[in-house]
J.: 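Just passing along the structure, written as C-alpha cells.
Note that the structure is predicted; figures quoted are calculated from it, not measured.
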Amino acid sequence: MNGGDEVVAAPAGPPQPLEWKFSQVFGERTAGEEVQEVDIISAIEFDKSGDHLATGDRGGRVVLFERTDTKDRGGSRRDLERMDYSMSRHPEFRYKTEFQSHEPEFDYLKSLEIEEKINKIRWCQMANGALFLLSTNDKTIKFWKVQEKKVKRISDMNVDPSRAMGNGYIGSSSNSSSSTPYLANGGSPDRSYNYASNDYLFPAGGIPSLRLPVVTTNETSLMARCRRVYAHAHDYHINSISNNSDGETFISADDLRINLWNLEISNQSFNIVDVKPANMEDLTEVITSAEFHPTHCNMLAYSSSKGSIRLVDLRQSALCDTHSKLFEEQEAPGSRSFFTEIIASISDIKFGKDGRYILSRDYMTLKLWDINMDSGPVATFQVHEYLRPKLCDLYENDSIFDKFECCLSGDGLRVATGSYSNLFRVFGCASGSTEATTLEASKNPMRRQVPTPSRPSRSLGSSLTRVVRRGAETPGVDANGNSFDFTTKLLHLAWHPSENSIACAAANSLYMYYA
C-alpha cells in the first residue's frame, strides 16, 4: 500500500447463529393419537459417513434410514463438492429397512425380566457394500450385518412346446403360453409313446412335455442377519457401548464395570475397569457412560454419578482402575444441598471429532472439557437453570433422574442437548460465541424461542443413579412464562458428522432439521 502501510485483516469473529429449518419427520403422530410404549424411540445414531441413520425403540426394533438427496444428484456429496456443485437441497432420508434386534427375556437365576428396549446403537465399518452395527439392551449386545441379497425365484417352467428346439436347451421363457395339459411326471395325455418298446423313436424336435424349472434373480431385498451375540458378561444394566478406532474391538459398560470385546470373539471379554468395592455398602458412585477416543485406540473416557470424567490409557495396565486424568469441577462453598448429588450425575459424554474435547451432560448443564486441561470445564452451558426452584417437584415425580443425551457438531463449533416439552437446545462453543437457540421438535422448530443465559460456570457434587420411574408428572412454567411438560421429554438426538443437520426423537416420532 502507499506509504508502506500494511493492511491487517480483522480477526474473524464467532460464527453467526444458525437458522434451523424443518426437514423431515418419520412416524408423526396425529392429533389425539396414543403412543404405544413399544414404539417410543430409545436410541439414535448416524454412521461415520452420515449417509445412514439408525434408531432403536423400546420394542427391541432397529430401523435404518438412508440418505437419498446425494444419490439423486449422481455421485457422492464429496465428489459434488469437489466439482463446486451447489447443494441447494436439504438432507433427505428415506426408510431403508427394519428388524427385530432383541426380544424380551427372563433371567431365571435372578428372577428378573430383561426388557427388549434398545439402549444404544453403534455403527461399525462397512465392508463389501454391507452395513454392520452393534445394538444392545440391558444385558445382551448383538452384532448385525445388513446387506442386499438377490431373491432367487424358481419360474414355473422354461420350455414352451411350440418353441421346442431339438433335444437340448430351449429359450428361457419363464411362463408357458401353451394350454396343453401335462402330467406331473412330464408326460402328455394327448400323446402316447410306447416307452417299453425298443424301436421307440423320439419325435422330431424332442419331447415337448420335458419342462425344466429355471432360477431367476430379478429383484433384491435387504436382509438383516445377527452375526454374533455377546452375552452373560454384565451383572448390571448396560448403559454404553463404543467402537474402537482400530475397527476390531469395542467396549461395553454397566454401572460398575467396563468390558473390552473383540468383534470376532463373542464368548470372551476382558474386564478393564471395575469400580465395585469389596463391600457394596462402601459404594459411592457408579459408571454412567463410556466412550472410546475417536482416533487413539488406547484411550477411553468414562463418566460417573459424582459428576467426574476419567480418562484411561489401556497401555498402562490390564486393569485400568487408575485413571490417567480426572476431570471434575470443584463444588462452590456453601452451595451444597440435598439435590446437589443427584443433579451432578453425568448422563452422557461424547468426544469431539478430533478427540481434543469431551462434552458432558448432567441434569442442569452441558459442560465442554479440554482433555489437556483438567482444572475445570472450558465452557458451561445452562440448560435447566430455570428448573432449580422446582427440584423438589422433579424429585417427587422422578423427572430429576431423566438421562438426557448430548452431541457435538462435526466442526466442533456447536453442541446440542434435549429438554422437556420436546425442546432441544443448540449452543455455540466457539470463542466469543453467544449462540443459544431453543427449538421444538415439531414442523415449526422456531415456534418456542426461550432466551438462555450463556455460560455462568457452576459445579455440582455426588450421587448414585436411580433406575425406577414413577408416573405422575406435572406441567409447569419456565423462566419465560412458557409452559413445560415433564411427560414430553427429548432425551435422544444426534448431529450429522459433517453437516449442520440434527435428528431427534420425540416419543415415537423422528424429527430431522438442517441449517
Side-chain angles (χ1 to χ4, degrees), residues 107 109-110 112 114 119-120 122 134 136-143 228-246 248-293 296-328 341-342 344-351 358 360 362 369 371 374 401 403 461-467:
D107 187 333
L109 291 175
K110 297 182 179 178
L112 188 71
I114 302 171
N119 289 344
K120 295 287 177 184
R122 289 292 180 267
L134 290 163
T136 185
N137 65 353
D138 285 339
K139 296 289 184 182
T140 306
I141 306 157
K142 294 187 179 181
F143 183 48
R228 284 177 192 85
V229 177
Y230 312 91
H232 312 301
H234 288 277
D235 291 330
Y236 304 93
H237 290 178
I238 298 171
N239 55 48
S240 305
I241 51 174
S242 178
N243 308 73
N244 198 346
S245 58
D246 64 9
E248 296 178 0
T249 56
F250 70 94
I251 53 169
S252 57
D254 64 23
D255 290 344
L256 299 180
R257 293 190 177 97
I258 299 176
N259 292 334
L260 178 69
W261 301 83
N262 188 301
L263 282 166
E264 302 295 321
I265 303 167
S266 60
N267 60 358
Q268 156 179 302
S269 64
F270 296 96
N271 178 227
I272 55 174
V273 175
D274 188 348
V275 300
K276 185 178 181 181
N279 182 357
M280 282 296 280
E281 290 181 3
D282 298 331
L283 183 67
T284 58
E285 64 180 332
V286 295
I287 298 167
T288 56
S289 183
E291 181 159 295
F292 261 120
H293 190 282
H296 298 323
C297 62
N298 56 285
M299 289 173 63
L300 64 97
Y302 68 92
S303 60
S304 83
S305 55
K306 275 190 170 180
S308 61
I309 301 170
R310 289 172 173 84
L311 198 64
V312 168
D313 191 336
L314 296 175
R315 296 171 298 186
Q316 285 186 334
S317 65
L319 190 62
C320 305
D321 285 345
T322 55
H323 50 267
S324 304
K325 284 191 176 180
L326 174 67
F327 304 95
E328 61 183 353
E341 297 183 345
I342 303 170
S345 180
I346 294 174
S347 56
D348 190 27
I349 60 169
K350 292 283 192 329
F351 272 102
I358 299 174
S360 68
D362 56 48
W369 307 80
I371 64 171
D374 53 8
F401 301 106
K403 292 176 171 54
S462 69
S463 94
L464 288 174
T465 53
R466 173 92 73 93
V467 179

J.: Please tell me if the side chains of N259 and H234 come closer than 4.5 Å, counting only heavy atoms from C-beta onward.
T.: yes

J.: Check the pair S242 / L300 against side-chain contact (heavy atoms from CB on, under 4.5 Å), numbers first and verdict last.
T.: CA-CA 9 Å; S242 178; L300 64 97; over 6 Å; no

J.: State the CG-CD distance between D321 and Q316, to the nearest 0.5 angstrom.
T.: 11.5 Å

J.: Could you check whether any side-chain heavy atom of V275 comes within less than 4.5 Å of a side-chain heavy atom of V286, counting everything from C-beta outward?
T.: no

J.: Do the side-chain N and O atoms of S303 and T288 include a donor-acceptor pair separated by under 3.5 angstrom?
T.: yes

J.: Should the pair D274-K276 be classified as a salt bridge under the 4.0 Å nitrogen-to-oxygen rule?
T.: no

J.: Quick one: are D246 and F292 in side-chain contact, heavy atoms under 4.5 Å?
T.: no

J.: Please check this pair: side chain of N271 against backbone of V273, looking for a donor-acceptor N/O pair closer than 3.5 Å.
T.: yes

J.: Are the side chains of W369 and I349 in contact, using a 4.5 Å heavy-atom criterion?
T.: no

J.: What's the spacing between S240 OG and D348 CG if we round to 0.5 Å?
T.: 7.5 Å

J.: Rounded to the nearest 0.5 Å, what separation is found between the CG atom of N239 and the OG1 atom of T136?
T.: 9.5 Å

J.: Taking only residues two or more places apart in sequence or in another chain, which ones pass ring pair (Phe, Tyr, Trp, His ring centres under 6.0 Å) with H293?
T.: H296, F351

J.: Distance from I114 atom CD1 to L112 atom CG, nearest 0.5 Å?
T.: 6.0 Å

J.: Could you report the tightest heavy-atom contact between I258 and A290, atom names first, then the distance?
T.: CD1-CB, 4.0 Å

J.: Would you say Y236 has more than 12 foreign heavy atoms packed within less than 6.0 Å of its OH?
T.: yes

J.: Which atom names give the shortest non-hydrogen contact between D235 and K139, and what distance separates them?
T.: O-NZ, 2.7 Å

J.: Tell me whether R122 contacts the main-chain N or O of I241 through its side chain, where contact means a donor paired with an acceptor under 3.5 Å.
T.: yes

J.: Side-chain contact test, heavy atoms from C-beta onward, threshold under 4.5 Å: evaluate it for F143 versus L134 and give yes or no.
T.: yes

J.: Is the side chain of Y230 donor-acceptor paired with the backbone N or O of L263 at a distance under 3.5 Å, no angle test?
T.: yes

J.: Return the minimal non-hydrogen interatomic distance between D313 and C320, and the atom names on each side.
T.: O-SG, 4.1 Å

J.: Provide the closest heavy-atom pair for W261 versus I265 in the form atom of the first, atom of the second, distance.
T.: CE3-O, 4.1 Å

J.: Taking the side chain as every heavy atom from C-beta outward, state whether K142 and R228 have any pair of such atoms under 4.5 Å apart.
T.: no

J.: I'd like to know if the side chain of K403 and the backbone of D362 have a donor-acceptor N/O pair within less than 3.5 Å.
T.: no

J.: With rounding to the nearest 0.5 Å, note down the distance linking CD1 in I251 to CD1 in I272.
T.: 6.0 Å

J.: Give a yes or no on whether the backbone of T284 and the side-chain of K306 come within a donor-acceptor separation of less than 3.5 Å.
T.: no

J.: Check the side chains of N119 and D138 for a donor-acceptor pair under 3.5 angstrom, ignoring hydrogens and angles.
T.: yes

J.: Does the side chain of D254 reach to within under 4.5 Å of the side chain of L256, using non-hydrogen atoms?
T.: yes

J.: Provide the closest heavy-atom pair for L314 versus C297 in the form atom of the first, atom of the second, distance.
T.: CD1-O, 3.9 Å

J.: Please report the closest heavy-atom contact between T140 and I238, naming both atoms and the distance.
T.: N-CD1, 4.1 Å

J.: Roughly how far, to the nearest 0.5 Å, is the CD atom of E285 from the OG atom of S308?
T.: 5.0 Å

J.: Can you check side-chain contact (heavy atoms from CB on, under 4.5 Å) on D374 and L326, steps first, answer last?
T.: CA-CA 6 Å; D374 53 8; L326 174 67; over 6 Å; no

J.: Taking the side chain as every heavy atom from C-beta outward, state whether E264 and E248 have any atom pair closer than 4.5 Å.
T.: no

